[in-house]
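These notes concern the structure reproduced below.
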Amino acid sequence: MPEESSDFIRQRIRQDLSEGVTNTVVTRFPPEPNGYLTIGHAKSICLNFGVAEEFGGRTFLRFDDTNPLKESEEFVEAIQRDVAWLGFSWGDAATFASDYFQALYGFAEQLVERGKAYVDSQSAEEIAATRGTFTTPGKESPHRDRPVAENLDLFRRMRAGEFPDGAHVLRAKIDMTASNIVMRDPVLYRIRHATHHRTGDDWCIYPMYDFTHCLSDALEGITHSLCTLEFENNRELYDWVLDNVDVNFHPPQIEFSRLNLEFTVMSTRFFRKLVEGGHVAGWDDPRLPTISGLRRRGYTPEMIRDFCQRVGVTRQENRVAMELLDFCARQALEDTAPRGMAVLDPLPVTIVNYPSDEDETLEAPWHGKHPEMGARAITFGRSLAIEREDFMEEPPRKFRRLSPGGLVRLRYGYVIRCDEVVRDDGGAVVELRCTYFPESKSGGDTSGLKPKGVVHWVSRQSGRAAAVRVYDRLFSVPAPTPDNMEGELNPASLEVAQAIVEPGVVEADTERFQFERVGYFFKDPVEYSRETPMFNRIVTLRDSYRPEPT
RNA sequence: UGGGGUGUGGCCAAGCGGUAAGGCACUGGGUUUUGAUCCCAGCAUUCGCAGGUUCGAAUCCUGCCACCCCAGCCA
C-alpha cells in the first residue's frame with residue numbers, strides 16, 4: 001500500500017478498496033489528439049498511471065478523438081512518444097474513442113427508443129438562442145416531441161449521410177429548465193462530413209464529448225475516472241447517460257484542479273498559434289511547457305515526475321512558482337552532471353608573464369564530490385578568456401571577482417593579478433593584461449596569496465566556439481491573461497550566446513553538464529555536433545549574490 | 001444574476017473536534033578553489049470574515065465576503 005503520497009484521490013481509492021466498492025483499480029489518461037502534451041498533462045499522467053501502479057491496476061491511454069476537424073495522427077504519435085518518455089506504459093491498452101463509435105451509436109438508438117433523445121432540426125443559432133441563460137430557463141425545441149419512430153428514422157438517415165452538416169442534431173431529452181445548463185437537452189451527435197484520422201469516411205455523424213466519455217469509461221471498466229475541475233458541471237450528464245442506457249458499469253467521475261505555472265500558460269490553442277506563426281521553433285521549443293519542449297531543453301522524466309509529486313493533487317486553484325520546477329532540475333543534476341567550464345560572454349585575458357609559445361596541461365575533476373567520475377585535462381596558457389561580468393573596474397565591496405590590481409584564482413589553475421585594462425576607441429574594455437603566480441598552482445599552492453575569489457575560464461587557444469541558447473520565461477508577467485497573451489510575451493525569452501567551451505565537454509558523450517558558476521546545460525539533441533556545438537541552458541545555478549545596497 | 005466549486009504563511013500543501021506537518025522561496029550562520037552543493041537555525045499565537053456550539057474548533061453549525069467554472073453542433 002502506498003504511504004508516501006496520499007492525496008484525496010488516493011484516500012478515496014483506498015476507501016473504495018477497503019469497502020469492497022471495487023477490487024481493482026483501472027484508470028485512463030484521455031487526451032484529445034489536437035496538440036502536444038504539456039506539463040499540465042504530465043500531472044494527469046502521473047496521477048492516472050501512478051495510482052494504477054501503486055494499487056496494482058492498469059491504465060488505458062485513450063485518445064478522445066470525436067472531433068475529426070481538430071485531430072490528427074501526428075498528435076497521436078507525439079502523445080504516445082511523450083507518455084512513454086515520461087516512463088509510463090499502457091501495454092496493449094492504447095484505445096481510441098473512435099473504437100467505440102459503433103457501440104456508441106447503438107447506445108444512442110437505445111436512448112431514442114426510450115424516448116430519452118430526439119432529433120432536433122433547429123440551426124445551431126436557434127439552439128443557442130433557446131438554451132436560456134444562467135437566470136432564465138431555456139425553451140423547448142419545436143421538435144422535442146417528435147415520435148420515437150420519426151426520431152429513429154431521422155437519426156438513421158443522419159448516420160446514412162442523407163443530410164448536410166448542421167441539418168439535424170441528436171439531443172438528449174432532459175430538462176430545458178435545469179439550473180445546470182449542461183442538462184438543458186445537450187447535443188449528443190452532430191453531422192460532420194469529414195474524414196476521421198482513424199475511421200476515415202465510415203461516419204458522418206460524430207458523438208459529443210459528454211456522450212462519448214462516460215460510455216468509453218464504462219466500456220473499459222474504469223474504476224476511477226479522474227478529470228479536471230472544469231468538467232464538474234458535466235458530471236451530472238455523465239451520470240445521466242450511464243443511468244439511461246444499458247451499460248453494466250458506472251465509473252465515478254472525480255475532479256481535481258489542473259496545473260498552472262507562473263509566467264506561462266497551458267493552452268494548446270495558444271501554442272498552436274505560436275508554432276504556426278513562427279514565434280517559436282516548434283512544439284518542442286524549449287521555451288514551451290510542453291513535454292517535448294522540456295525534453296528538448298534538457299529536462300529528464302525523473303525531474304518532471306518529481307515536480308508533479310511535489311505539486312500534489314487537490315481541488316484548489318493554483319499557480320505553481322517556476323522556482324519549484326527549477327529546483328527539481330537542479331536537484332537531479334547536482335549529483336549526476338559532470339562539471340565543465342564555459343565562458344558565455346568572453347573577455348580576453350592575456351597572461352603577460354607566460355611564454356607565448358608554450359602551454360601546460362592541468363587536471364580538473366569532472367565532479368568535485370564524485371571522484372569516481374574521473375578527471376579531464378584542461379589547457380592553461382598565455383591567452384585565456386573569463387566571463388565579462390567577472391571583471392569590474394569599480395567593484396562594490398564584497399565583489400569576489402577580478403578588478404584592476406586585484407587577485408582572483410582561475411579555477412583549477414593559478415592565481416592571477418589584473419595589471420592593465422585595454423580599451424578600444426570607444427572606451428570599451430576589450431582585454432585584460434594579467435600576471436600569473438607560478439607557485440599558486442591549484443593543489444600545490446605555496447604562494448600564500450589570498451585571492452578575492454575564484455572564477456571560471458577557458459583557454460582561447462584550445463577552447464571551442466559554441467552557441468549557447470539561454471532561455472528565460474515565455475511571458476513577462478506571472479499570470480498571463482487570455483486576451484492579451486501575445487502582448488505579454490517576454491521578448492528576451494531566448495538569447496544565443498557565442499561562447500567558448502573547454503574541449504573536454506565538447507568531445508565527451510555526456511549530454512548534460514554543469515558549466516561551473518553558470519548553470520546546467522544540455523547538448524541540443526538535434527542541432528549539436530562536435531564541429532558546431534549547440535547547448536541549451538536547462539536552468540541557472542542558484543545565486544545568492546546580492547550586490548550591496550548602496 | 002441561477003447552478004456547481006474553492007478559501008491554511010510569498011507559492012504549493014498536510015490536517016478529518018484535542019490545541020498549525022512537509023516542500024519551494026526567503027533570512028541568518030557554518031563548511032567550501034563553483035557567491036553552487038552540503039550543514040545548522042529562523043520563518044502562520046493562527047487557518048477568508050463575523051457570530052454560535054463545545055471543557056476544547058482550521059476541523060461542527062449559521063450568516064457574510066472573495067475567487068474559479070458553466071449559456072460550443074469544443075474537449
Side-chain angles (χ1 to χ4, degrees), chain A residues 6-7 11 30-32 34 64-67 69-71 120 122-125 127-129 131-138 165-171 178-184 186-192 205-206 208-210 212-213 227-236 255 257 259 262 268-269 307 309-328 330-331 334-335 339 341 364 367-369 398-401 408-413 415 440 442-443 445 451 453-456 478 514-520 540-546:
Chain A
S6 191
D7 47 75
Q11 286 179 30
E32 180 187 16
N34 68 340
D64 219 332
D65 55 350
T66 58
N67 188 349
L69 268 27
K70 292 185 174 176
E71 297 147 7
D120 195 355
Q122 296 185 102
S123 67
E125 294 68 38
I127 289 178
R131 187 152 20 230
T133 69
F134 292 147
T135 49
T136 64
D165 289 6
H168 306 283
V169 92
L170 185 74
R171 284 233 256 176
S179 48
N180 180 358
I181 291 177
V182 169
M183 299 301 277
R184 318 240 261 229
V187 172
L188 266 23
Y189 268 89
R190 76 285 214 189
I191 300 172
R192 273 229 211 308
I205 58 171
Y206 291 93
M208 300 287 289
Y209 165 83
D210 286 305
T212 309
H213 201 78
C227 66
T228 44
L229 248 25
E230 65 269 28
F231 291 101
E232 230 171 332
N233 297 317
N234 300 61
R235 189 175 63 227
E236 193 177 353
E255 311 88 9
S257 53
L259 170 70
E262 280 186 346
T268 301
R269 208 190 109 268
F307 174 76
Q309 218 226 282
R310 285 169 185 276
V311 147
V313 179
T314 67
R315 291 173 63 86
Q316 226 148 304
E317 295 288 338
N318 60 77
R319 184 173 293 277
V320 175
M322 211 49 114
E323 282 77 17
L324 185 62
L325 227 203
D326 291 346
F327 169 81
C328 292
R330 290 190 192 109
Q331 189 185 246
E334 164 62 21
D335 285 314
R339 268 97 245 241
M341 290 200 286
H367 192 126
K369 286 188 174 173
K398 287 190 176 172
F399 184 74
R400 312 217 308 244
R401 310 176 205 174
V408 263
R409 171 172 296 282
L410 298 179
R411 174 134 243 231
Y412 307 126
V415 174
S440 69
S442 191
D445 188 348
V454 20
V455 301
H456 58 281
Q514 182 196 101
F515 291 165
E516 292 206 47
R517 303 210 313 133
V518 182
Y520 290 100
T540 61
L541 250 35
R542 194 162 159 262
D543 182 8
S544 62
Y545 175 60
R546 301 278 180 282

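Sequence lines set the chain letters: A, B, ... in the order given, protein chains first and strands last, and positions in each chain run from 1.
Nucleic acid contact class of Leu324(A) (heavy atoms, under 4.0 Å, all strands): sugar-phosphate only. Among the protein residues, Gln514(A) comes within range of the nucleic acid bases, having at least one heavy atom under 4.0 Å from a base atom. Among the atoms of the strands shown, none is found under 4.0 Å from any heavy atom of Gly368(A). Within the nucleic acid shown, Ile191(A) has no heavy atom closer than 4.0 Å to any nucleic acid atom. Within 4.0 Å of Phe231(A), counting heavy atoms only, lies at least one base atom of the nucleic acid. Here Gln122(A) lies in heavy-atom contact (under 4.0 Å) with a base. If you check every strand for non-hydrogen atoms under 4.0 Å, Arg409(A) touches a base. Within 4.0 Å (heavy atoms only), Asn234(A) reaches at least one base atom of the nucleic acid. Phe399(A) comes within contact range of at least one nucleobase, with a heavy-atom separation under 4.0 Å.
Separation of the P atoms belonging to rA57(B) and rA14(B) is 24 Å when rounded to the nearest angstrom. Comparing the P positions of rC49(B) and rG9(B) gives an interatomic distance of 10 Å, to the nearest angstrom. Comparing rA20(B) with rU46(B), their C1' atoms are spaced 7 Å from each other, to the whole Å. With C1' as the reference atom, rG28(B) and rC65(B) are 39 Å apart, rounded to whole Å. rC68(B) sits 26 Å from rA75(B) when the P atoms are compared, rounded to a whole Å. Using P as the reference atom, rG2(B) and rG63(B) are 15 Å apart when rounded to the nearest Å. Taking atom C1' in both rA13(B) and rA50(B), the straight-line distance is 27 Å, to the nearest Å. Comparing the P positions of rG22(B) and rC40(B) gives a spacing of 13 Å, expressed to the nearest Å.
The aromatic ring of Tyr209(A) does not stack onto the base of rA75(B), failing the criterion of a centre distance under 5.5 Å from the six-membered base ring together with planes under 30° apart.
At the phosphate of rA14(B), neither OP1 nor OP2 sits under 4.0 Å from any side-chain N or O atom of Arg310(A). Contact annotation: Gln11(A) side-chain N/O to rG15(B) OP1/OP2 distance is under 4.0 Å. The shortest distance between the side-chain N/O atoms of Gln316(A) and the OP1/OP2 oxygens of rU6(B) is not below 4.0 Å. Between Thr66(A) and rA75(B) there is a side-chain polar atom (N or O) within less than 4.0 angstrom of OP1 or OP2. Not one side-chain nitrogen or oxygen of Arg411(A) sits closer than 4.0 Å to the OP1 or OP2 atom of rU32(B). Phosphate proximity of rA36(B) to Ser544(A): present, with a side-chain N or O under 4.0 Å from OP1 or OP2. For Arg319(A) and rG10(B), the shortest distance from a side-chain N or O to OP1 or OP2 is not below 4.0 Å. Between rU6(B) and Arg315(A), a contact under 4.0 Å exists linking OP1 or OP2 to a side-chain N or O. Between Arg131(A) and the phosphate of rG72(B), there is a side-chain N or O to OP1/OP2 separation shorter than 4.0 Å. Within the structure, a side-chain polar atom (N or O) of Arg517(A) is placed less than 4.0 Å from OP1 or OP2 of rG35(B). Phosphate proximity of rU33(B) to Ser442(A): absent, as no side-chain N or O sits under 4.0 Å from OP1 or OP2.
For Phe327(A), the side-chain atoms get nearest to rA25(B) when compared with the rest of rC74(B), rA25(B), rU34(B). Closest to the side chain of Ile181(A), out of rA75(B), rG2(B), rU37(B), is rG2(B). The side chain of Thr133(A) sits closest to rA71(B) out of rA36(B), rA71(B), rC24(B). With distances taken from any side-chain atom of Asn318(A) to the nucleotides rC11(B), rC74(B), rA13(B), the minimum falls on rA13(B). Listed nucleotides: rA71(B), rG72(B), rU1(B). Nearest to the side chain of Met208(A): rG72(B). Considering only side-chain atoms of Arg546(A), the nucleotide from rU33(B), rA75(B), rC26(B) that sits closest is rC26(B). The side chain of Glu323(A) approaches rC24(B) more closely than any other nucleotide in the set rC12(B), rC74(B), rC24(B). With rG2(B), rG35(B), rU33(B) as the candidates, the nucleotide lying closest to the side chain of Arg400(A) is rG35(B). Closest to the side chain of Glu334(A), out of rA75(B), rA36(B), rG35(B), is rA36(B).
To the nearest 0.5 angstrom, Thr268(A) atom OG1 is 8.5 Å from Glu32(A) atom CD. Taken to the nearest 0.5 Å, the CD atom of Glu516(A) stands 7.0 Å off from the CE atom of Met341(A). The distance from atom CZ of Arg517(A) to atom CD of Gln514(A), rounded to the nearest 0.5 Å, is 11.0 Å. The distance from atom CZ of Arg184(A) to atom OG of Ser179(A), rounded to the nearest 0.5 Å, is 8.0 Å. Taking CZ from Arg192(A) and CD1 from Ile205(A), the interatomic distance works out to 12.5 Å, rounded to the nearest 0.5 Å. Going from atom OH of Tyr520(A) over to atom OG1 of Thr540(A) covers 10.0 Å, rounded to the nearest 0.5 Å.
Distance Asp210(A) CG to rC70(B) P: 13 Å, rounded to the nearest Å. Put simply, CG on Asp64(A) is 16 Å from C1' on rG72(B), counting in whole angstrom units. The distance between atom OH of Tyr206(A) and atom P of rA75(B), rounded to the nearest whole Å, is 12 Å. Atom-to-atom, CD of Glu317(A) to P of rC11(B) comes out at 14 Å; the value is rounded to the nearest Å.
Nucleotides of RNA chain B nearest to Val320(A) and Glu516(A) differ in position, and the one nearer the 5' end is that of Val320(A). Each of Tyr412(A) and Tyr520(A) has a nearest nucleotide on RNA chain B; the 5'-most of these lies closest to Tyr412(A).
Residue-to-nucleotide contacts include a donor-acceptor pair under 3.5 Å from the side chain of Arg401(A) to the base of rG35(B). Contact annotation: side chain of Asn233(A) to base of rG5(B), donor-acceptor pair absent below 3.5 Å. Evaluation of atom-type donor-acceptor distances gives a pair under 3.5 Å for the side chain of Arg339(A) against the base of rU34(B).
The minimum heavy-atom distance between Leu259(A) and Asn318(A), with the atom names listed, is CA-OD1, 3.9 Å. The shortest non-hydrogen separation linking Thr212(A) to Asp64(A) is CG2-OD1, 4.3 Å.
Taking the O4'-C1'-N9-C4 or O4'-C1'-N1-C2 dihedral as appropriate, rG29(B) has a value more than 90° from 0 and is therefore anti.
Checking Gln122(A) against Asp120(A) by side-chain atom types alone, a donor-acceptor pair falls below 3.5 Å.
Side chain of Arg401(A) to main chain of Val408(A): no donor-acceptor pair is present (N/O by atom type, distance under 3.5 Å, no hydrogens or angles).
rC43(B): no Watson-Crick or G-U partner with both key distances under 3.5 Å is found in any strand. The partner of rU6(B) is rA66(B), judged by Watson-Crick or G-U wobble contacts that both fall below 3.5 Å.
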